[in-house]
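Here the structure is laid out as structure tokens; the discussion comes afterwards.
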Amino acid sequence: MTELDTSRLERLSGMLKRRGILLPAFEIHGGAKGLYDFGPVGGRLRNKVNQTWLNHWLALGNVVEISCPTVTPYAVLEASGHVGEFSDFMTVCTSCEEASRADTLLEDFHPNPDALTRSELQSLLDKSQPPCPSCPDAKWSPITAQNLMFNTTIGAGTSGRPGFLRPETAQGMFTSFPALYRHNRERLPFGAIQIGKGYRNEISPRQGMIRLREFNMAELEYFINPHEEPEHDFTPWDGLDVTLIAEKEGEVQMKFSHAIESNVIRHATVGYFMAKTFDFLVNVGIDAQRIRFRQHESDEMAHYASDCWDAEIHGSYGWIECVGIAHRGCYDLESHEKATGKSLRARREFEQPQVIEIDGWTTEGAKAGPAFRALAGAVKQAVELLPTSSTFPTDVTLSSGEKVTVEKEHVKRDQRTETVTGEWYIPHVVEPAFGIDRIIWHILDHAYDESGKDGETYTTMHLSENVAPVDYCIFPLFEKDGMGELAKSIHAIMCSKPSVVSMYDASGSIGRRYARADEIGVPKCITVDHQSLEDNTVTIRDRDTGEQHRVAIDSL
RNA sequence: GCGGAUAUGGUGUAGUGGUAACAUAGGAGGUUUCCAACCUCUUGUCGCGGGUUCGACUCCCGCUAUCCGCACCA
């Protein structure tokens, strides 16, 4: 970072605070690291970014918006792998109160304790009773998870069960899969989107908005059938050469369609969402020249992901990852399925029904049941493995190692034809995950312009109309002769329109008021002057050109 | 988490062991006022806690926050 950038960054931060866009949270109590307020102007900006994001993905037509709790039971995040991935497991010596990491204590008792779940660590700890490193005792408290997720207890007293504030919104969408699948009439592909808060108890939040402890995230989970070739239309991006930093090819400029054909981007849906992400970022005002996509190295990717790209945006802090677009395979649904025993699958019909000839032995329940009692199930398993040529009575070995004699009356020949028309499979997931705070930071960073005006610094926020927090400022040229009243009535009309924010300002010279409006990026300023009183027209000034034209009040 | 620096009106800064100044911003009024003009009046400040002292914004200690490295993390 150059010195010039640093001072610009300081002036920008000062302005954001002064004008109520972005402020340190709880400042009168001394502040809190990694927590920020969106102020009266920033709150509206965030809302418009969120709304633009929702509209962008809902336009796909097969995407629905949901909202899941931030408070999440332990088991959910254990199943997802977050407990293992995001936490250290701590236990406290009950004699000397020294806290230790459970996996470190158990290194002599297990080849790789780091990979164990909490319950596995707990039972190993109970069994092996490792000595305390700082006192002669070996009595350990129950293991607790520490660090990157915020711990909480759901419910009071002893009936409370452990939980966390979610580190991402995605898990709620995975656990809602059955409802989503039903809603979408059991047809893939479809997606669910969600905007909400996520929490990570970062050891050291830094760089303002870049690493927060509580942050706004927006995620799409797009469920696809891995047996179907995805079909996406890339013609809207045919004129666009985008910067890709690919694992093998290095930095290249190419079209999305070409990158997919040449397998630089390994999955068409990942590529399609990269293209849609590019459009979104440009829509909210990110400089297209300062967007690039970087592919994760194979060893950097989570083990289940088959391809992952970050959209990086260049700003005052250098290139910052703001969006992650990952092909997550079937990992998430499969994990929750394994943990719960509930089916998180979709049905696909085969093009040709598969006809299976079954010919073998099975047990005659009415006879085998009373004869083998508790062993009947194991006997059935063993009999069904016998060759069709078997004769009875015969001795079979059960899976337990036990041997039993099966009489002819215990069995029957099972000969039939079964037609299988389809199968249940675990859908794959492609997930674009957006860090809204980081994107908002870069919107502000890119929009902030300090170009001089008559030798003095004049700051303008060149915000896109899609996200500008205030749509109109209404100024009376003078607040007399009825101009003030007329301006106020126009202000009232503008405020009554849905999703329009208008500000009335009559204090200071007209130039000063324009400057105030430019600083927070108001796209249009409406001025009431003498002529307005005569012919019911006003002037509209454009923020970026400074040009004014006169329109009738009725046409506003 | 470790090391270094910093903390004064909304913002940017000056300054002192005897409770504070400048600029700018804000409010009211004036000015036939269209791009931060000018005039008058006016609001508002020493991060938090403890110690030393007759007296602390100033000195000391702790905490918190911010910035810069390292580590962590995406």
Side-chain angles (χ1 to χ4, degrees), chain A residues 1 3 6-7 9-21 23-36 39-40 85-86 88 146-149 167-168 198 200-213 215 217 294 296 300-302 308-313 317-324 326 433-435 437-438 452-460 473 475-481 483-484 505-519 522 525-533 538-543 545-550:
Chain A
M1 209 188 301
E3 210 159 307
T6 309
S7 63
L9 187 55
E10 279 168 9
R11 288 191 301 277
L12 172 56
S13 303
M15 189 279 281
L16 294 175
K17 194 174 170 187
R18 180 163 40 83
R19 297 306 307 272
I21 298 173
L23 312 91
F26 311 119
E27 208 183 10
I28 62 168
H29 284 277
K33 218 174 188 176
L35 301 175
Y36 271 83
E85 201 183 313
F86 277 70
D88 290 336
Q146 295 285 314
N147 279 342
L148 289 171
M149 290 192 290
E168 59 175 32
R200 291 183 195 178
N201 205 354
E202 296 280 357
I203 294 167
S204 179
R206 281 286 176 85
Q207 298 177 306
M209 293 288 286
I210 304 302
R211 274 174 68 197
L212 299 170
R213 289 200 166 119
F215 45 93
M217 52 199 330
R294 195 178 65 81
H296 282 210
E300 175 187 18
M301 246 176 332
C308 186
W309 291 80
D310 288 339
E312 298 183 329
I313 303 177
Y317 297 110
W319 286 101
I320 298 289
E321 170 217 341
C322 295
V323 185
F434 291 66
D437 308 277
R438 289 182 175 188
K453 197 171 186 180
D454 303 330
E456 279 184 33
T457 307
Y458 189 92
T459 61
T460 307
C473 278
F475 304 142
L477 191 56
F478 314 98
E479 210 175 21
K480 60 181 189 184
D481 302 335
M483 280 183 266
D505 189 358
S507 111
S509 74
I510 190 73
R512 173 175 300 249
R513 286 178 264 162
Y514 286 141
R516 275 196 286 251
D518 288 341
E519 195 176 39
V522 182
C525 291
I526 296 172
T527 304
V528 173
D529 57 13
H530 293 99
Q531 193 180 331
S532 307
L533 299 170
V538 289
T539 62
I540 296 187
R541 167 189 177 271
D542 181 84
R543 177 195 63 207
T545 64
E547 283 168 14
Q548 282 178 285
H549 64 277
R550 187 164 283 279

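In the text below, chain A, chain B and the rest are named by the order of the sequence lines, each starting its count at 1.
Considering only the side chain of A:Arg211, B:C72 comes nearest among B:A36, B:G26, B:C72. Checking B:G10, B:C35, B:A74 against every side-chain atom of A:Arg18, the shortest atom distance belongs to B:G10. With distances taken from any side-chain atom of A:Arg513 to the nucleotides B:C34, B:A74, B:U33, the minimum falls on B:U33. Looking at the side chain of A:Tyr514, the nearest of the listed nucleotides B:A65, B:C35, B:C72 is B:C35. The side chain of A:Ile510 lies closest to B:C34, out of B:G27, B:U11, B:C34. In this structure, of B:C34, B:A74, B:C73, it is B:A74 that holds the atom nearest to the side chain of A:Arg294. Counting only heavy atoms from C-beta on, A:Lys33 has its side chain closest to B:A65 among B:A65, B:C72, B:C34.
Comparing the P positions of B:G26 and B:U64 gives a spacing of 37 Å, expressed to the nearest Å. Spacing between B:G4 and B:C38 at atom C1', rounded to whole Å, works out to 48 Å. Spacing of P atoms, B:U31 relative to B:A21, comes out at 32 Å, to the nearest Å.
Between the side chain of A:Arg200 and the base of B:C73, no donor-acceptor pair under 3.5 Å is found. Between the side chain of A:Arg512 and the base of B:C34, no donor-acceptor pair of N or O atoms lies under 3.5 Å.
Figure legend. B:U6 is base-paired to B:A65; pairs are counted as Watson-Crick or G-U wobble with both atom distances under 3.5 Å. With a cut-off of 3.5 Å on both pairing distances, B:U31 has no Watson-Crick or G-U wobble partner at all. Base pairing annotation: B:C22 forms a Watson-Crick or G-U wobble pair with B:G12, both donor-acceptor distances under 3.5 Å. Here B:A74 sits opposite no nucleotide as a Watson-Crick or G-U wobble pair (both hydrogen-bonding atom distances under 3.5 Å). Searching all strands for a Watson-Crick or G-U wobble partner of B:A56 with both distances below 3.5 Å returns nothing. Across all strands shown, B:G17 has no partner, as no Watson-Crick or G-U wobble contact with both distances under 3.5 Å is found. In this structure, B:C46 forms no base pair with any nucleotide, since neither Watson-Crick nor G-U wobble geometry is met with both distances under 3.5 Å.
Here the P atom of nucleotide B:C34 and the NE2 atom of A:His530 are 9 Å apart, to the nearest Å. Taking atom CZ on A:Phe478 and atom P on B:U32, their separation rounds to 9 Å, with Å as the unit. One atom, CD of A:Glu479, and another, C1' of B:G30, lie 13 Å apart when rounded to the nearest Å. In this structure, A:Lys17 places its NZ atom 15 Å from P of B:A7, rounding to the nearest Å. In this structure, the CD atom of A:Glu519 is 13 Å from the C1' atom of B:G26, given to the nearest Å. Here the C1' atom of nucleotide B:U66 and the NE2 atom of A:His29 are 19 Å apart, to the nearest Å. Here the P atom of nucleotide B:A37 and the OH atom of A:Tyr458 are 11 Å apart, to the nearest Å. Look at CD1 on A:Ile210: it is 17 Å from C1' on B:C68, rounded to the nearest Å.
Listed pair A:Ser509 / B:A36 fails the phosphate criterion, with no side-chain N or O lying under 4.0 Å from OP1 or OP2. Distances shorter than 4.0 Å separate some side-chain N or O of A:Ser507 from OP1 or OP2 on B:G27.
When heavy atoms are screened at a 4.0 angstrom cut-off, A:Thr460 is found touching no nucleic acid atom at all. Within 4.0 Å of A:Glu27, counting heavy atoms only, lies no atom of the nucleic acid at all.
For the pair A:Glu321 and A:Val528, nearest-nucleotide mapping onto RNA chain B gives the more 5' position to A:Val528. Between A:Ala506 and A:Gly14, the residue anchored closer to the 5' end of RNA chain B is A:Gly14, taking for each the nucleotide with the nearest heavy atom.
Residue-environment remark: NE2 (A:His549) exceeds the threshold of 12 foreign heavy atoms within 6.0 Å.
Distance check: A:Met149 CE to A:Glu168 CD gives 9.5 Å after rounding to the nearest 0.5 Å.
Within the 3.5 Å criterion, the main-chain N or O of A:Pro476 finds a donor-acceptor partner in the side chain of A:Arg513. When atom types are taken as modelled, the side chain of A:Asp481 and the backbone of A:Met483 share no donor-acceptor pair closer than 3.5 angstrom. Formation of a donor-acceptor pair under 3.5 Å by the A:Arg200 side chain with backbone atoms of A:Pro167 is found in this model.
Proximity of A:Arg541 to A:Thr527: side-chain heavy atoms (C-beta onward) are nowhere separated by under 4.5 Å.
In this structure, A:Arg512 does not pair ionically with A:Asp505, as no charged nitrogen and carboxylate oxygen lie closer than 4.0 Å.
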